[in-house]
Every structure is written in structure tokens, then in C-alpha cells.
Asker: 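Shown below is the structure under consideration.
Everything quoted here is computed from the prediction, not taken from an experiment. Counting starts at 1 for both ligands and their atoms, following the listed order. The first residue of the sequence shown is numbered 1, and numbering continues consecutively from there.
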Amino acid sequence: MASRILSDELLRAIRDRAAAHDKANDFFDDDLAELKAAGYLAALVPESMGGPGLGLQDLVHEQARLAGAAPATALGVNMHHVWTGVARFLHDRGDSSMDWLLREALAGEVFAFGYSEAGNDLVLLGSRTQARPDGEGGYTFHGRKIFTSNSPGWTRLGTMGLDEEAGVIVHAFITRDGGGVEILDDWDTIGMRASQSRTTVLDGAHAPADRVMRKVAPGPTLDPYVLGIFTSFELLTASVYAGIADRALELAVETVRTRMSMKTGKAYAQAPDIRWRIASAALAQDGVWPQFDQAAAAIDAGQNLGAAWFRQTAGIKVRATETARYVVDEAIRSSGGSTYFNRSELGRLYRDVLAGIFHPSDDESAHATVAQSLLGPIE
Ligand SMILES: Cc1cc2nc3c(=O)[nH]c(=O)nc-3n(C[C@H](O)[C@H](O)[C@H](O)COP(=O)(O)OP(=O)(O)OC[C@H]3O[C@@H](n4cnc5c(N)ncnc54)[C@H](O)[C@@H]3O)c2cc1C
């Protein structure tokens with residue numbers, strides 16, 4: 001069984017293009033084509049279905065390597081992997097209802113994750129988008145999704161909306177060529193620019209009955225589909241930021257070996273305070289990977305922790321993204337003012353790493369999850 005797909009050569013090519021995509025604020029279509037050709041989009045498809053059969057533990061490491069080359073590419077592709085992760089989560093637990101998605105990923109379809117909505121801090125547990133029944137078991141969707149990464153590249157969009165009459169949240173998939181979708185050209189951010197996470201306006205986008213995956217009551221749930229989204233999203237998204245931190249540390253080590261001090265006549269790598277900074281960043285980052293490995297291996301092994309998954313994976317996401325910010329910060333302080341120029345890779349990582357704090361679970365929601373697990377719900 002494969003545990004790696006991305007060759008060093010492919011990662012080098014992707015890294016070489018990352019600065020240009022960032023500067024032009026355009027989509028990583030060349031990276032996407034090469035990742036697809038390498039079979040990366042089918043990474044999680046089991047061998048029994050003709051795929052390479054990577055596990056989630058393998059994929060978090062691959063995503064981190066990709067993020068070390070091009071963070072925005074890794075974040076965009078991440079949203080595709082979140083869906084293959086959900087399908088695999090269910091498949092490994094004897095539920096074949098999303099095997100179609102694994103087959104489509106193998107056939108080259110590209111998935112995106114159209115869930116976020118303006119002002120919806122209920123995230124998976126509520127929706128401002130309307131899901132209207134089509135009378136045949138399917139739904140049309142009407143609403144506005146924000147920050148849809150991979151916007152120029154997706155062919156299938158996983159989304160959700162509220163069926164107001166039935167009082168259920170409908171999780172379903174629409175296709176780009178099925179119509180009823182407008183993608184706005186409104187992505188101009190300080191970081192993660194090539195992810196092109198544009199606004200998606202749904203105005204009648206149709207999901208037929210066989211692409212309606214779940215109808216769940218709003219509010220907390222242990223539905224395996226929702227659990228699959230949560231665990232897959234938290235770990236895979238966090239791995240992108242862990243990859244940024246790994247790369248920042250690598251760059252800082254390289255830089256301080258050649259950055260010379262006039263005061264001492266030696267490289268900064270010999271300066272005790274710089275050594276302390278770099279060691280301090282590494283000490284923090286060293287604590288991150290064992291957490292990924294433990295949780296992802298448990299998911300791959302089919303373990304079921306029920307509600308405890310929420311606390312565990314939200315915790316990893318917050319610790320990994322906050323640690324990544326700290327590591328990039330220390331890397332920049334060690335490497336000096338040259339990183340303040342737009343041409344600097346570390347400067348770009350500094351902009352990209354900030355996005356980590358906005359993804360679910362954000363700091364507030366992770367704290368609420370942990371508090372709830374310790375103290376019960378707020379009365
Ligand atoms: C780089 C990046 C990529 C992302 N990719 C994806 C993705 O692929 N799929 C996905 O689903 N999510 C994605 N997200 C979205 C992310 O998970 C958050 O949902 C998003 O960052 C919004 O965060 P917020 O609620 O803190 O933003 P806020 O700034 O609080 O709100 C976002 C917008 O909504 C408006 N708003 C806030 N409250 C209301 C209200 N009550 N009524 C009307 N408008 C309101 C704000 O004015 C603002 O324009 C991505 C985020 C980033 C940063």
C-alpha cells in the first residue's frame with residue numbers, strides 16, 4: 001500500500017510557481033493538473049476500489065509536504081480531500097453511501113466544500129441557505145456561500161441548506177455543469193491568494209435524490225456523516241498549517257547559517273539568542289506531529305470515540321494553527337528584515353499562516369467544545 005504520492009520533483013515544480021500565483025492572485029490550475037495526473041486527488045481511494053489506498057495519517061503528512069511547497073495550493077486541494085476523507089471514513093465503517101464520491105475522485109472529478117456562510121457561527125449545525133424539496137427526493141439550493149476554496153477548479157460542490165418546512169439540514173452535492181451557481185470574482189486577500197476562495201451564489205443549484213447525503217436536525221449530532229466532516233476537516237486543514245510551520249523552520253535554519261553578524265563576525269546561527277529562538281520554535285512544533293499521528297491513526301483503525309472526537313480534533317486544529325503562527329513568527333524574527341519584502345518566501349508564509357485562525361474550529365468554538373466536554377452545556 002502506498003504511503004506517499006508526491007515526488008520531490010513535483011513539489012519543487014509547485015514551489016517554483018507559488019510566488020507567481022500569489023503575486024498575480026490567480027488560481028493554481030497548473031498545480032491542480034499535475035496533482036491530478038500524479039493520482040493525488042484519489043489518494044484516499046482504497047486499493048479495493050482501484051486507488052492508491054493512502055490512509056488519513058499518510059495524507060496529513062502529504063498535505064503538509066504540499067503546503068511546505070505552496071500553502072494556497074494545499075489549502076485548495078484540501079477541500080477536495082476533506083470530501084474523500086468523509087467518504088473513506090464512512091467506507092471504513094461499513095457505510096458505502098459515499099463510495100460514488102471515491103469512484104468520481106478516481107475518475108478525475110474535483111470536489112470543493114461550500115459550507116461557510118456570512119454570519120453563520122453555528123457552522124455545521126445551522127444554515128442560512130434554503131434547501132427546497134424538488135418533490136422527487138432531491139433539493140435545490142438558494143443562498144450564498146463564502147470562502148469557497150478551489151472555486152475555479154471544482155466540478156462537484158458539497159453543500160448544505162435548511163429545509164425550513166421539514167426542519168432539517170440537508171447535506172448534498174451539486175455539479176458545476178448543473179447550473180444554478182454563480183461564482184463571484186471577489187477574492188483579493190492578504191494571504192492564501194491562489195486558493196481563490198471566492199463567494200458562491202446558489203440560485204436553484206440542484207442535487208438529485210441520490211446526491212442528497214443526509215438530512216439532520218439542526219444542532220449537535222453524532223451522525224457519522226457530520227462526524228466524518230468534522231474529523232476529516234479539522235485534521236486535514238490543520239496539516240496545511242503544520243506544513244507551513246515545518247517549511248518556515250527549514251527556511252530559518254538555512255537563513256541564519258548565511259546571515260552574518262558584523263558584531264561577532266560569525267553567522268547568526270552562532271548567536272545564542274537566535275539559537276534560542278529557533279530551538280523554541282522547534283520545541284513547539286515537535287509537539288504537533290505526534291498529535292496528528294495519534295488521532296489520524298485511530299481514525300484509520302476505525303476507532304469510534306463518539307463525541308470525544310470533537311474535543312480531540314478541534315484541539316489539534318487550534319494547537320497546530322496557533323503553533324504555526326508562533327513558528328513562522330520566530331522564523332521571521334531570526335531571519336531579519338529581508339523577510340518583509342514581498343519577494344520573500346517567509347514573508348508569504350507569514351501572510352498565509354494567518355488564515356489558519358479563521359477556519360473551523362476557531363479558537364472560540366474549540367474552547368466552547370472543550371468547556372462543554374468538561375462542564376456540560378451552558379444552562
Ligand atoms: C483562506 C480561507 C479559505 C477558506 N476556505 C473555505 C472553504 O473552502 N469552504 C468553506 O466552507 N469555508 C472556507 N473558509 C471559511 C472559513 O472557514 C470561515 O467561515 C470564514 O473565514 C469566515 O469567518 P468569520 O465568520 O470569522 O468571518 P466574519 O468576518 O465574521 O464574517 C464573514 C463575512 O460575513 C459578514 N457577516 C458577518 N455576520 C453577518 C450577518 N449576521 N449577516 C450578514 N453578514 C454577516 C461579514 O461582514 C463578513 O463579510 C475559508 C477561510 C479562509 C480564510
Asker: One residue to check: N120. Relative to ligand 1, which of side chain, backbone, both or neither has a non-hydrogen atom less than 4.0 Å away?
Answerer: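 N120 to ligand 1: no contact under 4.0 Å from either part.
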Asker: Ignoring angles and geometry beyond distance, decide whether Y115 reaches within less than 3.5 Å of ligand 1 through its nitrogen or oxygen atoms.
Answerer: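 Between Y115 and ligand 1, an N or O pair is found under 3.5 Å apart.
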Asker: What atoms of ligand 1 come within less than 4.0 Å of a heavy atom belonging to I146?
Answerer: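 Here the atoms of ligand 1 in question are 32 (C).
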Asker: Looking only at protein heavy atoms, which one is nearest to atom 44 (N) of ligand 1, and how far off is it?
Answerer: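 Result for atom 44 (N) of ligand 1: A118 CB, 3.5 Å.
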Asker: Heavy-atom contacts with L75 under 4.0 Å: which atoms of ligand 1 show up? List them by number with element.
Answerer: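 Matching atoms, with element in brackets: 1 (C), 2 (C), 3 (C).
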Asker: Flag M79 as yes when one of its N or O atoms lies below 3.5 Å from any N or O atom of ligand 1, and as no otherwise.
Answerer: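 Checking ligand 1 against M79, no N or O pair falls under 3.5 Å apart.
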Asker: Can you confirm whether something in the protein, heavy atoms only, sits under 4.0 Å from atom 50 (C) of ligand 1?
Answerer: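 Yes, at least one protein heavy atom sits under 4.0 Å from atom 50 (C) of ligand 1.
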Asker: Under 4.0 Å from ligand 1, counting heavy atoms only, is it the side chain of H359, its backbone, both or neither?
Answerer: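 The answer is both.
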Asker: Please check atom 26 (O) of ligand 1 for a protein heavy-atom neighbour under 4.0 Å.
Answerer: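 So atom 26 (O) of ligand 1 lacks protein heavy-atom neighbours under 4.0 Å.
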Asker: If I take atom CG from residue L56 and atom CG from residue D92, how far apart are they, to the nearest 0.5 angstrom?
Answerer: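 Nearest 0.5 Å value for the CG-CG distance: 10.0 Å.
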Asker: Please tabulate, for the side chains in residues 206-219, all donor-acceptor contacts under 3.5 angstrom to protein atoms that are two or more places apart in sequence or on a different chain.
Answerer:
residue: H206; atom: NE2; partner: D134; partner atom: OD2; Å: 2.7
residue: R214; atom: NE; partner: D223; partner atom: OD1; Å: 2.9
residue: R214; atom: NE; partner: D223; partner atom: OD2; Å: 3.2

Asker: Evaluate the criterion salt bridge (charged side-chain N to carboxylate O under 4.0 Å, His left out) for residue pair E117 and R144; output intermediate values, then yes/no.
Answerer: CA-CA 6 Å; E117 298 166 344; R144 210 178 168 90; over 6 Å; no
Asker: Starting from atom 21 (O) of ligand 1, which protein heavy atom do you reach first, and at what distance in Å?
Answerer: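 Closest protein heavy atom to atom 21 (O) of ligand 1: F358 CB, 3.5 Å.
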Asker: How long is the straight-line distance from CD1 of I332 back to CG of L251, given to the nearest 0.5 Å?
Answerer: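 So the gap between those two atoms works out to 10.0 Å.
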Asker: If you measure every N/O of S197 against every N/O of ligand 1, is any gap under 3.5 Å?
Answerer: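 No; the residue has no nitrogen or oxygen that sits under 3.5 Å from a nitrogen or oxygen of the ligand.
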Asker: Is it true that F113 and W154 have ring centroids separated by less than 6.0 Å?
Answerer: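 No, too far apart.
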Asker: Hey, is CH2 on W100 packed in by over 12 heavy atoms from elsewhere, all under 6.0 Å?
Answerer: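 Counting neighbours around CH2 of W100, more than 12 heavy atoms of other residues, nucleotides or ligands fall under 6.0 Å, so yes.
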Asker: How far is atom 3 (C) of ligand 1 from its nearest protein heavy atom, and which residue and atom name does that atom have?
Answerer: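 For atom 3 (C) of ligand 1, the nearest protein heavy atom comes out as S149 OG, 3.3 Å.
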Asker: Got a protein heavy atom sitting under 4.0 Å from atom 8 (O) of ligand 1?
Answerer: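 There is a protein heavy atom less than 4.0 Å from atom 8 (O) of ligand 1.
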Asker: Taking N or O atoms only and a 3.5 Å limit, does S195 qualify as a polar contact for ligand 1?
Answerer: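 No, there is no polar N/O contact under 3.5 Å.
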Asker: Kindly state if atom 29 (O) of ligand 1 has a protein heavy atom within a strict 4.0 Å cut-off, that is, under 4.0 Å?
Answerer: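 It does not: no protein heavy atom is found less than 4.0 Å away from atom 29 (O) of ligand 1.
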Asker: Check the surroundings of atom CZ in R257: do more than 12 heavy atoms from other residues, nucleotides or ligands lie under 6.0 Å from it?
Answerer: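 Incorrect, the count does not exceed 12.
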Asker: Side chains of Y326 and S280 only: does a donor on one sit below 3.5 Å from an acceptor on the other?
Answerer: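 Yes - a donor-acceptor pair under 3.5 Å links their side chains.
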Asker: If you scan the protein for heavy atoms around atom 41 (N) of ligand 1, do you find one that is closer than 4.0 Å?
Answerer: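 Under 4.0 Å from atom 41 (N) of ligand 1, at least one protein heavy atom found.
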Asker: Taking the six-membered ring for Trp, are F233 and W309 closer than 6.0 Å centroid to centroid?
Answerer: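 Ring centres of W309 and F233 not closer than 6.0 Å.
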Asker: Between atom CZ of R277 and atom CZ of R333, what is the distance when rounded to the nearest 0.5 Å?
Answerer: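 If we round to the nearest 0.5 Å, R277:CZ and R333:CZ are 5.5 Å apart.
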Asker: Ignoring hydrogens, tell whether any protein atom lies closer than 4.0 Å to atom 46 (C) of ligand 1; use the non-hydrogen atoms only.
Answerer: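 For atom 46 (C) of ligand 1 the answer is no, since every protein heavy atom stays at 4.0 Å or beyond.
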Asker: How does R128 reach ligand 1, if at all, at less than 4.0 Å between non-hydrogen atoms: by side chain, backbone, both, or neither?
Answerer: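 It is the side chain that gets close, since no backbone atom is under 4.0 Å.
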Asker: Which residue and non-hydrogen atom of the protein lie closest to atom 12 (N) of ligand 1, and at what distance in Å?
Answerer: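 For atom 12 (N) of ligand 1, the nearest protein heavy atom comes out as S116 OG, 2.7 Å.
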Asker: Suppose the criterion is side chain to side chain donor-acceptor pair (under 3.5 Å): which pairs have a residue in residues 284-293, not counting sequence neighbours?
Answerer: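 Counting only pairs at least two positions apart or across chains, the side chain to side chain donor-acceptor pair (under 3.5 Å) contacts touching residues 284-293 are Q57-D293, H61-D293, D246-Q285, D246-W289, Q291-R319.
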Asker: Hydrophobic clustering (ILVMFWY, side-chain heavy atoms < 4.5 Å, transitive) - are V60 and L75 grouped together?
Answerer: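 They do share one cluster, since a chain of ILVMFWY contacts under 4.5 Å joins L75 to V60.
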Asker: Just which atoms of ligand 1 are under 4.0 Å from any heavy atom in M192?
Answerer: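 Listed by number with element: 1 (C).
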Asker: Hey, is atom 14 (N) of ligand 1 under 4.0 Å from any protein heavy atom?
Answerer: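 It does: a protein heavy atom is found less than 4.0 Å away from atom 14 (N) of ligand 1.
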Asker: W187 versus ligand 1: do any nitrogen or oxygen atoms come within less than 3.5 Å of each other?
Answerer: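 N/O-N/O distance under 3.5 Å: no.
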Asker: Between F113 and ligand 1, is there a nitrogen or oxygen pair with a distance under 3.5 Å?
Answerer: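 Looking only at distances, the answer is yes, because the N/O contact criterion of under 3.5 Å is met.
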Asker: Mind checking the CD1-CZ spacing from I299 to F89? Nearest 0.5 Å is all I need.
Answerer: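 Reported value, rounded in 0.5 Å steps: 6.5 Å.
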